[in-house]
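The basis for the numbers below is simple: all heavy atoms, side chains too, and nothing from hydrogens, waters or symmetry mates. If you read the sequence from its start, that first residue is 1, and numbering goes on from there. The structure displayed is predicted, hence computed values, not measured ones.
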Amino acid sequence: MIHLKSPEELECCRLAADLVSRTLGTIAPLVKPGITPLELDRIAETYIRDMGGIPAFKGLYGFPNTLCISPNDQVVHGIPTQQALRDGDIVSIDCGVKLNDFIGDQAFTFAVGTISESAARLLRITRECLELGIAQAKAGNRIGDIGFAIQCHAETAGYGVVRELVGHGLGRQLHEKPEVPNYGKKGNGVRLADGMVLAIEPMINAGTKSIRHERDGWTVRTADGALSAHFEHDVALVNGHCSVLTTFQYVDEALGTSRQV
Ligand code: MG
Ligand code: MG
C-alpha cells in the first residue's frame, strides 16, 4: 500500500530532508584526498545527533554505519573504511536521517581532488539523469515515466543503468511503496498522486549495467570494475506538482559548484 502523506506529514518529511541535505553539506568540504570514509562517517553521525536527528541507516537491516560510502567501482552500500580517499577517486556518499520519526535520504557523488574527464562526465550525466527523472514526477504521469527519462539519458550517453537497486517511497520508513526504478516504459506503472513522497536515485555505471555483491553482504560493485555514480533527491507530489524536499544547495555552496536541483 502506498501511504499518501498529509500536509503535516509532508512538513515532517521536509524537515528530515533538510537535515540530510545539511549533513551532506557539512561533510562536502572534507571530501578530499587523505580523509578516510570512517572519519566522514563519524563527523556525519555527530552532526546528525547534534541537530536532534538519528542516523537512519545505522542498524537498519544490520548496516553498521551512518553513511554508505562507495568509492569508484562501488555502486552503493559501501561500508566506511579506514582506507583514505585518493586524488582522482570519485566517491558516492548516501545518507539517511530520522527526525521526528520521519526519514530523509539523499546521495551525492563527489570528485576527490582532480578527476579524469571521463569520470567528470559520468557525474554530470548522472546528475542530469536525476534532474530529468524529477521533471517527470508530476500529476498525470506514472512511475515508468521517471525511469524512462533516466534510462534514455544514461543509455544515450553509453552508460549502464543498474536494475537490481531502485528508488522508493519514504516517510516513517526508509523504504515504502512504490518502487521507483531508474528504467522503465512511458505510461507504465503506478500513477503519481498528491501526497506521495519518493526517493529518486539514479545509479549509473560507466560500463555494463551488471553488478556483483561483495562477501561483506553489503558492498555492491560494477561487474566490470568501471566507475559508478549515484545522485538522490527526495521529492513530494503537492497540488499536482513536484516539490524537491532535499537540496544540493549546501553541497554546491561548499564545493563552489551550482546546478538547478
Ligand atoms: Mg539513499
Ligand atoms: Mg534511497
Side-chain angles (χ1 to χ4, degrees), residues 1-24 41 44-45 47-49 51-70 75-80 92-108 130 133-134 137 142-144 146-147 150 162-182 184 189-203 213 217-220 230-238 242-247:
M1 194 191 83
I2 297 172
H3 177 66
L4 300 177
K5 275 73 179 177
S6 67
E8 293 74 21
E9 290 173 318
L10 284 177
E11 188 53 29
C12 291
C13 290
R14 193 178 296 280
L15 292 172
D18 188 63
L19 178 54
V20 79
S21 296
R22 287 179 185 275
T23 306
L24 286 179
D41 186 73
E45 176 168 4
Y47 178 77
I48 291 166
R49 294 192 190 280
M51 299 298 282
I54 298 167
F57 295 168
K58 198 166 188 174
L60 187 70
Y61 314 124
F63 189 78
N65 292 85
T66 293
L67 302 175
C68 295
I69 302 188
S70 311
V75 179
V76 287
H77 300 166
I79 297 173
S92 299
I93 302 184
D94 195 350
C95 183
V97 306
K98 185 184 264 195
L99 184 68
N100 301 320
D101 273 338
F102 283 80
I103 304 279
D105 181 17
Q106 189 178 27
F108 191 95
L130 174 58
I134 288 171
R142 292 176 181 269
I143 287 289
I146 297 172
I150 292 170
V162 173
R163 298 299 200 274
E164 294 88 342
L165 300 145
V166 297
H168 49 91
L170 77 167
R172 282 192 167 81
Q173 306 297 323
L174 175 64
H175 294 127
E176 297 185 0
K177 297 281 179 197
E179 290 194 341
V180 186
N182 297 305
V190 172
R191 186 179 290 280
L192 300 175
D194 278 353
M196 282 187 183
V197 178
L198 306 173
I200 302 177
E201 49 178 316
M203 290 157 254
H213 294 267
W218 283 103
T219 311
V220 178
H230 180 208
F231 288 86
E232 177 178 28
H233 270 315
D234 303 339
V235 308
L237 273 288
V238 181
C242 179
S243 174
V244 183
L245 304 180
T246 42
T247 177

Quiz item: For Thr247, does its backbone N or O pair with a side-chain atom of Gln106 as donor and acceptor, under 3.5 Å?
Solution: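 Side chain of Gln106 to backbone of Thr247, a donor-acceptor pair under 3.5 Å: yes, one is there.
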Quiz item: With no hydrogens and no angle check, is any side-chain donor or acceptor of Thr246 less than 3.5 Å from a backbone partner on His233?
Solution: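 No, the answer is negative, given that no donor and acceptor are paired below the 3.5 Å cut-off.
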Quiz item: Which residues satisfy the ring-ring contact (aromatic ring centres under 6.0 Å, His included) test with Phe57, sequence neighbours excluded?
Solution: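 By the ring-ring contact (aromatic ring centres under 6.0 Å, His included) rule, Phe57 matches no residue at all.
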Quiz item: By ring-ring contact (aromatic ring centres under 6.0 Å, His included), which residues pair with His3, not counting sequence neighbours?
Solution: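 Per chain and number, His3 pairs via ring-ring contact (aromatic ring centres under 6.0 Å, His included) with no residue.
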Quiz item: Salt bridge or not for Asp18 and Arg14, using N-O below 4.0 Å?
Solution: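 No salt bridge links Asp18 with Arg14.
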Self-check item: Pro64 side chain reached by Ile79 side chain, heavy atoms, under 4.5 Å
Solution: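 With C-beta onward as the side chain, the pair touches.
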Minimum heavy-atom distance between [X] and [Y], given as atom pair plus value:
| X | Y | answer |
| --- | --- | --- |
| Arg191 | Met196 | O-CE, 3.2 Å |
| Asp105 | Val20 | N-CG1, 3.9 Å |
| Gly96 | Ile48 | O-CD1, 4.4 Å |

Exercise. Please name all residues satisfying side chain to side chain donor-acceptor pair (under 3.5 Å) with Asp41, sequence neighbours left out, ordered by chain then number.
Key: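 Checked Asp41 against side chain to side chain donor-acceptor pair (under 3.5 Å); matches are Asn65.
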Self-check item: Exceeds 12 heavy-atom contacts within 6.0 angstrom, atom CD of Glu9
Solution: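 Correct, the count exceeds 12.
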Self-check item: No-hydrogen, no-angle side-chain donor-acceptor test under 3.5 Å, Tyr61 and His175
Solution: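 Yes, because at least one side-chain N or O of Tyr61 sits under 3.5 Å from a partner of the opposite role on His175.
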